[in-house]
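Scroll down for the structure; my scribbles are underneath it.
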Amino acid sequence: MTRWSRFNIASVVLGFAFLYLPIILLVVYSFNESKLVTVWAGFSTKWYVALFQNQGLLDAAWVTIRVSLMSATVATVLGTMAALALVRYTRFRGRLLFSGMVYAPLVMPEVITGLSLLLLFVAIGFDRGFWTLTLAHITFTMCFVAVVVQSRLLSFDRSIEEAALDLGATPLRTFFEVTLPIIAPAVFSGWVLAFTLSLDDLVISSFTTGPGATTLPMKIYSQVRLGVTPEINAACTILIGFVTVGVIIASITTKRRELQRQRDEQAAFAGR
């Protein structure tokens with residue numbers, strides 16, 4: 001059993017405090033009575049009431065949710081297809097170029113990605129707005145889905161698919177009834193990751209947005225430059241809670257599906 005030294009314990013405590021103490025302070029001061037975000041004047045929820053009366057923030061939140069849901073769903077489909085192509089078809093012309101294009105957003109600075117997409121939309125005469133924002137989010141979140149799904153496919157037991165094919169199932173039916181249910185936890189995890197990344201993106205959104213397509217992070221950033229208000233703290237607290245609950249639900253769902261898959265595999269092997 002490894003014993004932790006005082007230095008290791010202090011390092012871990014300071015590290016977690018550095019990461020999470022600002023978030024805790026933000027949540028606490030969102031319930032502050034005072035207009036001054038650094039002076040505690042008592043507990044109050046009036047800033048949450050004021051937040052839901054702020055039409056600008058509500059409109060930005062609605063745009064963010066629509067973009068995140070649509071981009072995460074499309075990115076999950078495309079990322080899963082890309083992962084299948086990279087894992088199952090190891091030899092095809094242009095594979096190196098294809099894999100490079102899939103993984104490029106992972107290592108490319110967001111400023112470069114956003115500027116490149118902006119120049120593309122300008123060159124083809126595509127007016128910037130909701131759809132350019134959605135396409136941009138699909139572009140940079142798809143690679144994360146591909147990485148998550150690819151890691152699951154690399155450990156996939158293909159003998160299960162071969163058994164389904166031997167029993168007369170078509171390749172398409174085998175994918176939807178055998179392969180997809182098994183890799184579903186990875187696909188769902190990729191969707192949650194894509195949704196979260198799209199939800200809080202600021203840099204790429206700033207380059208590709210247009211009139212009527214202001215996201216919540218952009219709205220918050222534009223207001224913070226003029227000074228932090230308690231309404232911003234309330235909005236950030238709701239966003240933190242929303243993401244936290246989503247991640248917890250995704251983790252529990254993924255764990256349950258993985259345990260169910262393991263039980264099904266054990267039952268299948270026991271019945272042979």
Side-chain angles (χ1 to χ4, degrees), residues 10-72 110-111 114 130 133-134 136-137 140-141 144 188-189 191-254:
S11 299
V12 171
V13 171
L14 290 175
F16 278 106
F18 179 79
L19 290 174
Y20 294 105
L21 187 58
I23 299 177
I24 295 174
L25 290 175
L26 184 147
V27 174
V28 170
Y29 276 96
S30 69
F31 296 97
N32 189 10
E33 175 71 24
S34 174
K35 291 184 178 180
L36 302 176
V37 294
T38 58
V39 178
W40 180 259
F43 181 86
S44 175
T45 58
K46 69 178 184 179
W47 301 115
Y48 287 88
V49 177
L51 171 64
F52 286 102
Q53 294 175 351
N54 190 326
Q55 193 61 41
L57 286 175
L58 294 178
D59 292 340
W62 176 235
V63 171
T64 302
I65 292 174
R66 287 191 297 154
V67 171
S68 300
L69 288 174
M70 188 174 298
S71 62
E110 288 190 342
V111 174
F130 176 83
L133 187 62
T134 303
H137 283 213
F140 83 88
T141 57
F144 293 92
F188 184 65
S189 299
W191 186 91
V192 173
L193 179 59
F195 179 81
T196 305
L197 291 171
S198 175
L199 194 68
D200 66 356
D201 179 74
L202 174 64
V203 178
I204 296 177
S205 299
S206 300
F207 282 97
T208 57
T209 190
T214 301
T215 63
L216 187 59
M218 294 173 59
K219 187 70 174 180
I220 292 175
Y221 178 72
S222 63
Q223 292 191 7
V224 165
R225 289 187 300 175
L226 303 176
V228 180
T229 63
E231 290 182 19
I232 299 300
N233 288 346
C236 293
T237 300
I238 293 176
L239 189 61
I240 292 170
F242 185 74
V243 172
T244 302
V245 171
V247 170
I248 292 174
I249 293 174
S251 300
I252 295 174
T253 304
T254 302

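Everything numeric here is computed off the predicted structure, so don't read it as measured data.
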Using residues 18-30 as the side-chain source, report each donor-acceptor pair under 3.5 Å to any protein atom, sequence neighbours left out, with the distance given to one decimal.
| from | atom 1 | to | atom 2 | distance (Å) |
| --- | --- | --- | --- | --- |
| Ser30 | OG | Val27 | O | 2.5 |
| Ser30 | OG | Tyr48 | OH | 2.8 |
| Ser30 | OG | Thr237 | OG1 | 3.3 |

Would you give me the side-chain donor-acceptor pairs under 3.5 Å for residues 214-221, sequence neighbours excluded?
none

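- From Asn233, atom CG reaches atom CD1 of Ile238 across 11.5 Å, with rounding to the nearest 0.5 Å.
- From Arg66, atom CZ reaches atom OG of Ser71 across 12.0 Å, with rounding to the nearest 0.5 Å.
- Considering all non-hydrogen atoms of both residues, Leu69 and Phe195 come closest at CD2-CE1, 3.6 Å.
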Do Ser198 and Val67 pass the side chain to side chain contact (heavy atoms under 4.5 Å, CB included) test, and can you show the C-alpha distance, the side-chain angles, and the key distance before you say yes or no? CA-CA 8 Å; Ser198 175; Val67 171; 4.1 Å; yes
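- Interatomic distance, Ile232 CD1 to Leu57 CG, rounded to the nearest 0.5 Å: 5.5 Å.
- Ser44 contributes atom OG, which lies 8.5 Å from atom CG of Asn32 (distance to the nearest 0.5 angstrom).
- One finds the CD atom of Glu110 at 4.5 Å from the CD1 atom of Ile204 (value rounded to the nearest 0.5 Å).
- Closest heavy-atom contact between Leu58 and Phe52: CD1-O, 3.2 Å.
- Checked against ring pair (Phe, Tyr, Trp, His ring centres under 6.0 Å), Trp47 has no partners two or more places apart in sequence or in another chain.
- Between Phe140 and His137, the angle of the ring planes goes over 60°, which puts this pair in the perpendicular group of the 30/60° scheme.
- Shown here for Leu51 and Glu231, the closest heavy-atom pair between the two residues is CD1-O, 4.1 Å.
- Listed here is the closest heavy atom pair of Phe31 and Thr45: CD2-CG2, 4.0 Å.
- Put simply, CH2 on Trp191 and OG1 on Thr141 are 11.0 Å apart, with the number rounded to the nearest 0.5 Å.
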